[in-house]
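Here the structure is laid out as structure tokens; the discussion comes afterwards.
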Amino acid sequence: MTTTIRRRERPAVAAARDRGGRGLLRRLRQDWWIYLFLLPTVLGYGAYTVYPLLASWWFAFLDWPGFATAGTFVGVENFERLIGDDLFWNAFWNSIVFLVFAVPLRVGLALALALVLNRKKTPFKGFFRTLFFLPVVTTGAIVGVVFTLLLDASGPVSLALVWSGLIDSPANFAADAGTSLYAGIAVWVWKWLGITLIYWLAALQTIPQGVHEAAMIDGAGAWAEFRHVTMPLLVPFLVIITLIDTVAAFNVFDLMQTLTGGGPSFSSEVIEIFIFRTAFQATVPQLGYASAAAVLFGLLTMGFAIAQAVGMRWARGRTGAS
Amino acid sequence: MRRQQRILGSLPGAGSAGRPGMGRRQFIGGAGAAALAAALAGCTGGGQMSRESGGSSGSLQWWDQFRPLTKMLQDELFAPYMKEHPGVTIERRQMDVPDLGQALQVGRRSNQMPDVHSLAGLGTSAAALVSEGWFQPIGKLADFQGSPVGEFLYDGMHRFDGEIYSFPPFSGRWHEAVPWFNTALLKQAGVDPEEDPATWDELRDVARRLTKGTDDGVYGIVVPSKETEYLEFLVNRLAMTAGAPGGIDWTTGAYAYDAQQYADAIEFLIALQTDKVVHPASASMGARDARARWAAGQAGVYLWGAWFIGGLRVDEPEAVERGVGTWHIPCPETSRNFVYSPPQSGTFWVSSQSKRAKEAAELMLRMTTREFQARLAAAMDQPPALADVVEEAEVHPAYRQCVANFQDDVRIAPAPEVGTPGVWQVLAEMRDVHPNLGDIVQSVLTGSTSDVAGELRRYTDAMSAERERAIKVVREEKGVEVDTKAWVFANWDRKADYDQQAYAER
């Protein structure tokens, strides 16, 4: 296989070397319509993704009060201040806690639901799929506002828990320092469960029916079949779905800002709210400092993206896909 | 958008792409350039569609946060001006305070500032913005010095380097902790509105009676705790009624958040919570949410600013019809202390990017007449600068009572930036300290901490250290002559307004 590829590459490489720079121009001329159609995407991506990304790196090295039109270069001072800022680390760890609890919960619950909804005997499958997917298409900020009312001390959740005797007095889950972050996690999992459920359903449908039948003939029970047949075949998908959900768990600004606003007492302040607060809500907005926090956060996300790429490569290797 | 069309129009190749005789190379070049030009024209630093700044597109842009003033400004100010000046169009945008602050920051960086705007949401002193070149002077465009509000113009607040930049259309004599009550709920609970609870204990008692004497789901008081800004000003005002001068002791210039009065004010809020008379959902509410709950009849009393009733009239008019009244802000004891507010800073400012400064200044000058001030009062937002017009204005009796109470309860405090020009540079250099007063109160009310005195002491120390750092920076790096004495007003009389003469005699 390797030899074949090398043989195939040789003439192409040689030809490219022969053509030199003119090859690119010729390709552009021959396939101009491809590049024309790509142009809007390239421009949009450049203007709205690449430029802000690069700009934030530069801003991170500036002392830039939000009221001034430009900042002054201060080197790594913003990063030094961040390292000594307890609220930055509080937000950082809140984001990590969010990730550690929310992602396994979302992936696990969605898998359990997908297994149930993938069974032939399950009634109203279409209805339930729609029901679970509905919150996905609802705006995060609206979900946050609605759950503020549902989770407050006079809301139905608290009243139901008091009525059932699980708690003694009404509790305000989104406004209690001990529960606010977890309330956010619960609402986030509920909101996005449907999309992960769809991923899992798609993954389950790639498993040939014959494999299940073979397991049944071999006398495997439901649990043994899941553990030894279904799950091993789902592992590559598990890696990809987990990594997608992990990156999503870093994008919770709209929900958390409307649900808790990062409070009370910064107990649910995730890194995005920290950046927003520093950049826009400070008495003197600190754009450079906020950018430095964003850069650190970006580095972390980049780490997850690299992990995703490595995971995908590993998953492909395991399934034998090219 | 106009700019976009112009650029597209200047590239004829883009418009004739399909015509015979045009080569692919020309088409690629033309279409690519057109797309690039369109993208660049449409994209700005703020990621918004471009609009030429300063109202040069033909309309005068006006941004502020005053929701109760919406109809009044349109009917009484903009419409008559536009009628008299047919070439002028005025477009006003009303935004919530946080949105306005963000919009102004983004607008400033992308050259899309409105011609006139307020400073709400920016959270800094006007002096700092003047020094950054945000505004242009208006004193030579219209006679503000000779206007009825001329006596309220202060150096360092409205006048910089001898030039007038703004004026106070509103009075400085107000506070944000006015007890507003629902007369129907008071009647149901058997509480006489004329009782006017003079002390904190009496207010607690009223709240208890309201909670017990009304239907299930109705509470004595609502204290929105989601936004720490509300808690900060509420505790500040309550501490003043206990005898605190404010966050700074003007006789020494030192921060005074660790004074006993602040701890007492927080304890008072805790006591209300312990009594179970505070709406249980308060911790999830912002100030406007709380007003909506109050209007829905879920709470009997709500402490907020004079604009409460004006906002109600716009958003929940049925609550005004049902019945609303107001009391004096209660004090811990029957002997009354004053609440202190600095002179009212300029509310509206003309952007340095504006090309319609003359029209803007003329419009703003119209806000200083007694007739307009009376109409301003009728909108029932902040009290007008000429507070006496409220007596004759068409206002709700509760609003009239509220403004009258301000005359009794509020005294004008010193403003360090007026007394010493270098102070604003220190204020601009100071970074936020957290947890601040609002954060501490929120922590206490939600049970995150119980060490009130310790938290207040740490905050006071942190603020003092931050001010020292800022003073050092502006002295060493900018050569500004300022020290902590700028915050000392030895001739401050806590029973009197600190007026222009007091600054002169300082």
Side-chain angles (χ1 to χ4, degrees), chain A residues 28-29 32-33 35-36 39-40 42-44 46-48 51-52 55 64-70 81 85-87 145 147-149 151-155 158 169-178 180 259-261 263-267 276-287 289, chain B residues 24-25 27-28 31-32 35-36 38-40 42-43 45 47 98 101-102 104-106 108-109 111 121-124 128-129 131-134 217 219 225-228 276 279-286 289 293 298 427-432 434-435 439-440 442-449:
Chain A
L28 277 172
R29 186 171 175 173
W32 60 270
W33 54 277
Y35 298 101
L36 181 65
L39 194 63
V42 170
L43 287 174
Y48 295 110
Y51 169 70
W64 189 354
F67 308 124
T69 48
R81 276 181 58 209
D85 187 339
D86 291 342
L87 288 179
V145 170
F147 269 88
T148 306
L149 301 173
L151 294 174
D152 77 31
S154 56
S158 178
S169 55
N172 201 330
F173 296 102
D176 183 292
S180 59
L259 184 67
T260 68
S265 316
F266 308 101
S267 59
F276 175 75
R277 179 169 60 76
T278 318
F280 291 107
Q281 294 187 317
T283 306
V284 179
Q286 300 171 67
L287 299 183
Y289 192 62
Chain B
R24 281 180 302 187
R25 186 173 293 175
F27 174 66
I28 293 170
L36 179 65
L40 290 175
C43 173
Q102 289 160 34
L104 289 171
Q105 286 181 52
V106 174
R108 169 73 175 162
R109 287 196 289 276
N111 292 329
L122 290 175
T124 191
L129 299 175
S131 76
E132 293 287 352
W134 276 54
Y219 296 86
S225 314
K226 189 177 180 183
E227 294 163 3
T228 54
K276 295 187 190 293
H279 194 298
S282 290
S284 303
M285 294 183 209
D289 303 328
R293 299 271 191 144
Q298 294 182 16
L427 297 177
E429 176 61 33
M430 283 178 73
R431 295 168 185 152
D432 284 358
H434 289 286
D439 299 330
I440 293 167
Q442 190 187 55
S443 296
V444 172
L445 294 181
T446 55
S448 306
T449 183

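Below, chain A is the first sequence line, B the second, and so on; all start at residue 1.
- Going from atom OG of A:S169 over to atom NZ of B:K276 covers 5.5 Å, rounded to the nearest 0.5 Å.
- Contact of the B:D432 side chain with the A:R277 side chain is not registered, since no non-hydrogen atoms from C-beta on lie closer than 4.5 Å.
- B:T449 places none of its side-chain heavy atoms less than 4.5 Å from the side chain of A:S265.
- Between chain A and the residues B:G121, B:A283, B:S284, B:S131, the largest count of heavy-atom pairs under 4.5 Å involves B:S284.
- Side chains of A:F266 and B:H434 form a contact here, defined as non-hydrogen atoms less than 4.5 Å apart.
- Heavy-atom pairs under 4.5 Å with chain A peak, among B:D439, B:L122, B:L129, at B:L122.
- Between A:N172 and B:P280, the shortest heavy-atom contact is ND2-O, 3.6 Å.
- Only the backbone of A:T260 comes within contact range of chain B, with heavy atoms under 4.5 Å apart.
- Chosen from B:R108, B:R431, B:K226, B:E132, the residue pairing most often with chain A at heavy-atom distances under 4.5 Å is B:R431.
- For B:M285, no part sits under 4.5 Å from any heavy atom of chain A, backbone or side chain.
- The CD atom of B:Q105 sits 6.5 Å away from atom CG of A:L287, with the distance rounded to the nearest 0.5 Å.
- Shortest non-hydrogen contact noted between B:T446 and A:D176 is O-OD2, 4.5 Å.
- What you find for A:P264 and B:Q442 is that their closest heavy atoms are CA-OE1, 3.4 Å.
- Contacts of A:F173 with chain B are absent, with no heavy-atom separation under 4.5 Å from either backbone or side chain.
- Interface remark: A:A70 contributes no atoms to any contact with chain B (heavy atom separation under 4.5 Å).
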